[in-house]
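Worksheet: one structure, shown below.
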Amino acid sequence: MGSDKKISVLGSTGSIGVQTLDVARESGIQVKALAAYRDVDKIESQIKEFKPELCAMYDKNSAFELSKRIRSAGIKCEILGGESGVFACAEAEGTDTCVAAIVGIAGLKPVVRAIRKKKNIALANKETLVTAGEYVMKLAENEGVNIFPIDSEHSAIFQCICGNRREDIKRILLTASGGPFRGKKKEDLINVKAADALKHPTWSMGAKITVDSATLMNKGLEVIEASWLFGISPEKIVPVVHPQSIIHSMVEFKDGSIMAQMGTPDMRLPISLSLTWPQRTHHSFSVLDLFECGPLTFERPDTETFRCLALAFEAMKLGGTVPAAMNGANEACVELFLKGKIGFLQIAELIEEAMNVHIMLNKTVYDIDDVDNADMASRRFVYDKVGGI
């Protein structure tokens with residue numbers, strides 16, 4: 001059961017990476033390579049349990065420390081440092097699937113490297129398709145590579161579409177929890193702090209994605225990702241606030257039928273499916289009890305208060321490198337908000353300003369360097385506006 005699967009895990013010490021290793025442990029999946037940023041203690045423990053052949057730390061000092069520990073423990077594992085080390089893990093020989101769980105645009109280039117080595121992608125890093133969706137999807141098609149979504153919403157859409165004709169899809173109903181500030185208005189959000197934004201009501205996630213959930217930018221990024229993954233225009237993707245996070249998304253067909261995928265808010269379920277499809281494996285993770293989950297409710301998102309969602313739709317409409325510029329500005333803003341240097345409402349304001357500046361520079365035909373340039377320019381714009389990091 002799953003024992004013939006051989007994977008690399010990029011971002012192994014983050015929330016998705018840790019849960020991917022939970023799945024690997026349960027299903028007997030072989031872990032051939034691990035990559036992370038600088039959490040030496042956690043990745044050392046992972047190496048000891050999963051015995052990968054290769055490991056990389058983006059932070060070179062952390063790689064040096066890890067190498068000393070692994071040698072001292074007598075463990076056979078090659079330790080690499082820096083971006084080139086992460087690339088080596090993405091391309092690791094003998095793997096068939098690369099789990100892309102690095103946070104932010106930093107995950108884009110490793111995914112491109114893995115695709116060029118004809119690795120299937122289990123994609124948790126939504127910024128890969130947000131910033132370079134057209135480029136990445138064409139590359140995957142040319143290389144004969146499958147991209148399996150890990151996001152619970154995109155996994156749900158994937159499952160609902162399977163066995164149905166794409167031309168019969170009327171629209172995608174992309175669910176959102178609403179985040180910790182659901183129902184609040186702008187005046188309620190003036191003085192909220194990072195600690196408030198990090199109290200997600202249903203999901204346990206990393207800091208960046210949790211703040212994105214609070215601003216609804218996460219849902220905007222998911223709209224763009226879904227558009228590229230499934231070849232559906234953004235106008236046919238409708239965000240729906242569903243606070244219980246039981247229905248993970250729905251697909252409405254032209255005959256009026258709506259198919260939904262349901263389950264507990266446990267990321268290990270879509271991770272497992274992304275690694276074993278078309279098989280489904282038995283596991284000991286939580287399962288949904290319909291008699292206990294309570295009523296399910298649905299609301300329209302408040303895009304006046306949470307303007308990041310509307311900005312994402314606008315970025316997708318403009319196309320080219322505008323989504324990359326929007327994403328870069330957002331990553332910078334989230335960083336500044338977590339450090340207490342800007343307020344919650346300033347996130348959307350600064351992103352909109354950065355987008356407006358970039359529109360004049362937009363490249364509708366682009367390569368990875370253009371994506372990098374758009375990202376860096378927007379980050380610099382945001383940092384300059386607030387006086388630096």
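Worth knowing before you read on, the calculation uses all heavy atoms, side chains too, and leaves out hydrogens, waters and symmetry mates.
- In this structure a side-chain-to-backbone donor-acceptor pair under 3.5 Å is present from K119 to A92.
- Expressed to the nearest 0.5 Å, how far CG of N164 lies from CZ of R166 amounts to 10.0 Å.
- Residue pairs meeting the salt bridge (charged side-chain N to carboxylate O under 4.0 Å, His left out) criterion with at least one partner in residues 232-252, sequence neighbours excluded, are K170-E252, R171-E252.
- Under the 4.0 Å criterion applied to side-chain N and carboxylate O atoms, E127 and K208 are assigned as salt-bridge partners.
- Between R69 and E44, at least one side-chain N (NZ, or NE/NH1/NH2) sits under 4.0 Å from a carboxylate O, which counts as a salt bridge.
- Pairing each heavy atom of D375 with each of G328, the nearest pair is OD1-CA, 3.2 Å.
- Pairing each heavy atom of F337 with each of V192, the nearest pair is CE1-O, 4.0 Å.
- Exactly one of K185, R307, R182, K186 qualifies for a side-chain hydrogen bond (donor to acceptor under 3.5 Å, both in side chains) with D302. That residue is K185.
- For the pair K51 (side chain) and K48 (backbone), a donor-acceptor distance under 3.5 Å is present.
- The CD1 atom of I29 lies 8.5 Å from the OG1 atom of T97; values are rounded to the nearest 0.5 Å.
- Side-chain contact, T131 with N327: no donor N or O sits under 3.5 Å from an acceptor N or O.
- One hydrophobic cluster holds both I232 and L309 under the rule that ILVMFWY side chains link at heavy-atom gaps under 4.5 Å.
- Residues L338 and L198 are in side-chain contact: their nearest non-hydrogen atoms beyond the backbone lie under 4.5 Å apart.
- Separating the SG atom in C89 from the NZ atom in K32 is a distance of 12.5 Å, to the nearest 0.5 Å.
- A donor-acceptor contact under 3.5 angstrom links the side chains of H358 and T321, judged on distance only.
- Under the 3.5 Å distance criterion, the side-chain polar atoms of K126 are left unmatched by any main-chain donor or acceptor of L221.
- Side-chain N/O atoms of E352 and N356 include no donor and acceptor closer than 3.5 Å.
- Judged by distance alone, the side chain of S378 and the main-chain N or O of A329 form no donor-acceptor pair under 3.5 Å.
- Nearest heavy atoms, S8 versus T95: N-CG2, 4.0 Å.
- Side-chain atoms of S15 and Q19 form a donor-acceptor pair, as typed in the model, at a separation below 3.5 Å.
- Here CG of L269 is found 10.0 Å from CZ of R280. Values are rounded to the nearest 0.5 Å.
- Ring-plane geometry between H154 and F230 is classed as parallel, the angle between the planes falling under 30 degrees on a 0 to 90 degree scale with a further cut at 60.
- A donor and an acceptor atom, one from each side chain of S27 and S272, are nowhere located under 3.5 Å apart.
- Under a 3.5 Å cut-off, the side chain of H242 and the backbone N or O of E299 do not form any donor-acceptor pair.
- For the pair K6 and D96, the salt-bridge criterion is not met [side-chain N within less than 4.0 Å of a carboxylate O].
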| Would E222 and D151 count as a side chain to side chain contact (heavy atoms under 4.5 Å, CB included) if you check the C-alpha gap in whole Å, the side-chain angles of each, and the deciding distance to 0.1 Å? | CA-CA 9 Å; E222 288 178 359; D151 270 354; 3.8 Å; yes
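- More than 12 non-hydrogen atoms from other residues, nucleotides or ligands lie less than 6.0 angstrom from CZ of F50.
- Between the side chains of Q261 and S155, no donor-acceptor pair of N or O atoms lies under 3.5 Å.
- L173 places none of its side-chain heavy atoms less than 4.5 Å from the side chain of I247.
- Cluster annotation: I105 and L336 are assigned to the same hydrophobic cluster (Ile/Leu/Val/Met/Phe/Trp/Tyr, side-chain heavy-atom contacts under 4.5 Å, transitive).
- Remark: the N61 side chain and the E65 side chain contain no N/O donor-acceptor pair separated by less than 3.5 Å.
- Not one N or O on the side chain of N120 forms a donor-acceptor pair closer than 3.5 Å with the backbone of C98.
- Between the side chain of S177 and the backbone N or O of P243 there is no donor-acceptor pair closer than 3.5 Å.
- Donor-acceptor pairing under 3.5 Å is lacking for the side chains of E153 and T175.
- For T281 and T276, the side-chain atoms include no donor-acceptor pair closer than 3.5 Å.
- Using cut-offs of 30° and 60° for the angle between ring planes, the F148 and F158 rings count as perpendicular.
- Here D384 contributes atom CG and R379 contributes atom CZ; the two are 13.5 Å apart, rounded to the nearest 0.5 Å.
- Remark: K138 does not engage E141 in a salt bridge, criterion side-chain N to carboxylate O under 4.0 Å.
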| said: Determine whether R268 and E26 satisfy the following criterion, salt bridge (charged side-chain N to carboxylate O under 4.0 Å, His left out), listing intermediate values before the conclusion. | reply: CA-CA 11 Å; R268 292 174 297 184; E26 282 257 337; over 6 Å; no
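- In this structure, E143 CD and R116 CZ are separated by 8.0 Å, a value rounded to the nearest 0.5 Å.
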